[in-house]
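Contents: one structure, followed by commentary.
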Number of protein chains: 4
Amino acid sequence: MARGRKFNSNGERSKQILLEKAIELFSDKGYYQTKISDIVKAANVTQPTFYLYFKSKDALYNDLNIQFQSGFLEALESQSTEIVENGLKGFVTLLEQKLLNLFVYITENPKLTKIGFIESEQSHIVKTQLTQQIIHLIYLHDCDKDLQMYSVDMKIMIDSLVGSMERLIIIYLLEQKKLPADLANDIIQLYFWKTKETI
Amino acid sequence: MARGRKFNSNGERSKQILLEKAIELFSDKGYYQTKISDIVKAANVTQPTFYLYFKSKDALYNDLNIQFQSGFLEALESQSTEIVENGLKGFVTLLEQKLLNLFVYITENPKLTKIGFIESEQSHIVKTQLTQQIIHLIYLHDCDKDLQMYSVDMKIMIDSLVGSMERLIIIYLLEQKKLPADLANDIIQLYFWKTKETI
Amino acid sequence: MARGRKFNSNGERSKQILLEKAIELFSDKGYYQTKISDIVKAANVTQPTFYLYFKSKDALYNDLNIQFQSGFLEALESQSTEIVENGLKGFVTLLEQKLLNLFVYITENPKLTKIGFIESEQSHIVKTQLTQQIIHLIYLHDCDKDLQMYSVDMKIMIDSLVGSMERLIIIYLLEQKKLPADLANDIIQLYFWKTKETI
Amino acid sequence: MARGRKFNSNGERSKQILLEKAIELFSDKGYYQTKISDIVKAANVTQPTFYLYFKSKDALYNDLNIQFQSGFLEALESQSTEIVENGLKGFVTLLEQKLLNLFVYITENPKLTKIGFIESEQSHIVKTQLTQQIIHLIYLHDCDKDLQMYSVDMKIMIDSLVGSMERLIIIYLLEQKKLPADLANDIIQLYFWKTKETI
DNA sequence: AATGAATGAGCCTTCATTCAT
DNA sequence: GATGAATGAAGGCTCATTCAT
């Protein structure tokens with residue numbers, strides 16, 4: 001019977017809680033198995049309140065993806081202030097740095113990552129972009145020819161790398177089984193091992 | 001008004017068409033976005049006919065997963081008749097053979113693979129099993145120590161390999177952009193490159 | 001694939017089995033919870049065979065009611081060959097005889113009775129008719145005034161008697177807990193006790 | 001097109017109307033022939049509104065049974081404040097009182113009674129309980145031996161009484177053909193006539 | 001006489017979304 | 001800012017019944 005604004009309520013706070021619960025539920029149960037009723041129940045508000053802050057279920061999910069993507073890109077692009085060497089070594093060093101940044105971000109946002117990097121439709125795009133960024137990096141360091149010793153096409157190699165990253169993220173990072181730095185190092189070892197050794 | 005049997009109807013055929021359309025739709029649109037009404041429309045039968053052959057939408061999806069899994073496992077286990085060498089080289093040779101079989105199966109069943117290896121809940125289990133099988137193979141060939149030169153834990157290496165496989169399958173095999181043999185070779189090159197060269 | 005007439009099949013036999021299974025199922029589970037698929041499964045024939053012998057589920061149910069009713073009425077009307085006395089005593093003696101006949105029939109057809117006397121829509125009519133028959137009997141024996149000592153309206157008394165019969169049939173006859181003769185006697189005792197004693 | 005809340009809508013009222021219409025329809029047409037669409041049509045709401053207040057059709061039906069049973073039991077147990085005599089006379093007096101209470105309740109809730117006492121599966125239990133309560137009453141008044149003059153087993157006598165009650169309720173009470181007090185008196189007369197007279 | 005195969009019609013239920021307060 | 005109450009639009013599934021063989 002009692003309607004209207006809740007005692008002690010606050011708009012931004014409600015939205016924040018809704019977002020948090022949505023991330024948790026979408027991540028744990030997936031988009032289709034998460035009902036809006038679940039989210040609002042978890043956030044302890046009513047359904048119309050949900051629509052006060054989000055246009056639709058789909059829009060919210062999209063928001064979360066955008067949120068993930070911007071964090072992800074930011075982590076990827078955050079320039080390390082150190083001077084970057086050129087050549088393969090410079091590339092590998094920078095890549096490890098970037099992987100580290102990425103993995104830190106992921107470790108700090110595992111549920112959001114599950115949504116934006118693993119489960120959502122848009123995750124395909126993110127992974128494609130990641131691939132392209134890495135390839136871009138290779139060209140920037142002018143070391144595409146150095147990679148020919150791998151005897152497979154560079155594109156395939158990077159696709160492979162990205163696939164490998166995805167799985168290792170799922171198994172080790174989202175489950176908190178490895179530290180970001182360790183995993184970044186492992187991946188670099190795996191893919192650029194000979195490099196490190198010989199140089 | 002006209003009820004009952006169609007002119008040239010045949011049970012097995014109807015079931016077959018339903019299966020094919022289901023694979024196509026589940027693969028293209030995903031489980032939740034594929035309605036039974038879509039499937040039966042595509043198969044040109046009515047909804048009750050669907051339930052003549054499948055217990056429920058869920059049961060059908062599960063059937064498809066089982067079907068994929070058994071084909072997948074069969075491909076993985078099909079023994080090549082050649083004598084298998086021991087040691088790393090033997091392992092790598094056999095692994096390439098198995099990847100080839102797998103990739104042939106996948107190329108022949110791209111949509112089913114998308115369902116059973118990429119999209120479904122059960123795909124996690126399949127990938128875990130694949131990982132374990134490869135590790136098992138390593139021990140069988142008694143070459144786990146040979147892999148220590150990779151300077152990363154073997155488990156991580158194989159996890160990485162499986163992740164890589166998944167992504168390359170999506171990009172190159174499901175899209176028919178590469179031949180099974182070529183992709184198998186590429187992966188072997190990527191992960192066991194030094195081996196090949198030095199031996 | 002093999003269609004057409006079953007080896008050793010026989011029309012009347014199929015119909016008989018269907019009837020038996022239908023009685024059993026309708027009686028045990030009720031009209032709505034008994035599916036035609038249940039009946040034909042129990043009878044080990046296919047659904048179209050059912051429609052070979054019965055126009056519809058409803059028609060079959062109605063047939064069973066008719067069958068019950070005719071057996072019931074026959075039992076009720078079967079004239080005992082003994083000469084019937086007039087007056088209350090004659091009435092009571094005859095009523096007991098009739099109850100006995102009825103109860104024998106019911107004991108021999110418990111499942112059909114459950115359908116036709118307890119569960120079906122038509123059972124109301126049967127009970128009303130039973131009531132009227134008994135009242136008719138009273139007038140025939142010209143003993144309606146004798147019953148005024150009961151200090152309740154005769155109609156109510158007979159309604160009560162019929163209700164009592166129904167419940168005792170359910171509890172004692174359908175469950176085979178009492179013999180027809182015993183139950184008939186009990187009921188007579190209960191309702192015409194004083195009579196018996198004083199006359 | 002117009003969704004959302006109605007002008008003068010009120011939750012409790014909607015639920016109440018739904019309950020009333022459900023009682024009416026279940027009572028008139030039976031469980032299986034009453035569709036949820038019928039109920040909501042009668043209540044002038046849409047189907048989802050139904051599920052706002054009831055978990056399922058079955059759950060609602062069960063609720064109605066519970067509602068009937070508790071009213072029924074309450075009526076049966078409501079202690080008359082008068083001092084109760086011991087012996088047969090006390091028992092008969094109390095029983096009549098209780099029948100009266102019961103019949104008043106039934107007269108006030110004829111449709112609910114039809115559901116809970118006549119049609120539903122659970123009605124069997126209710127009648128069994130009623131029988132046991134009456135038998136309990138007999139023992140309480142220590143007059144089981146007094147009833148041996150009836151020359152039939154007491155259990156059968158009470159079963160008969162309950163059957164009689166059921167039928168008389170259907171014919172006279174649900175159809176509003178008799179007043180509660182009159183029917184209670186009639187039944188007492190019928191079953192304990194001699195008692196009344198001789199004492 | 002009997003069957004394999006199929007269907008029309010409908011029922012229960014769920015879910016995202018929206019009004020009126 | 002927030003809610004109680006309600007709804008449009010499906011979706012999965014079942015069942016009696018019928019056709020062609």
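The shown structure was predicted, so the numbers you read here are calculated from the model rather than taken from an experiment. Just so we're on the same page: letters track the sequence lines, and every chain starts at 1.
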Any side-chain donor near an acceptor of the partner, [X] and [Y], under 3.5 Å:
X: D:Q33; Y: D:D28; answer: no
X: A:N62; Y: A:Q122; answer: yes
X: C:E121; Y: C:Y31; answer: no
X: C:T46; Y: C:T49; answer: yes

Closest nucleotide among [options] to the [X] side chain:
X: D:P48; options: E:dT14, E:dT3, F:dG1; result: E:dT14
X: B:S37; options: E:dT7, F:dG11, E:dT3; result: F:dG11
X: C:K57; options: F:dA5, F:dA16, E:dA16; result: F:dA16
X: D:S14; options: E:dA6, E:dT14, F:dA5; result: F:dA5

Measure the distance from CD1 on A:I36 to C1' on E:dT18 and round it to the nearest whole Å. 12 Å
Rounded to whole Å, how long is the line connecting atom OH of D:Y51 with atom C1' of E:dT17? 20 Å
Nearest 0.5 Å please: distance from the OG atom of A:S70 over to the CD1 atom of A:I66. 8.0 Å
Whether C:T46 contacts E:dT3 is assessed here as follows: a side-chain N or O lying under 4.0 Å from the phosphate OP1 or OP2. Is that the case? yes
Where DNA chain F forms stems, i.e. three or more consecutive Watson-Crick or G-U pairs with both distances under 3.5 Å: E:2-21 with F:2-21
Whether D:K111 engages the ring of D:F26 as a cation-pi pair (distance to the six-membered ring centre under 6.0 angstrom, angle to the ring normal within 45°) should be assessed. no
Considering every strand and a 4.0 Å limit on heavy-atom distances, what is the contact class for D:Y53: base, sugar-phosphate, or nothing? sugar-phosphate
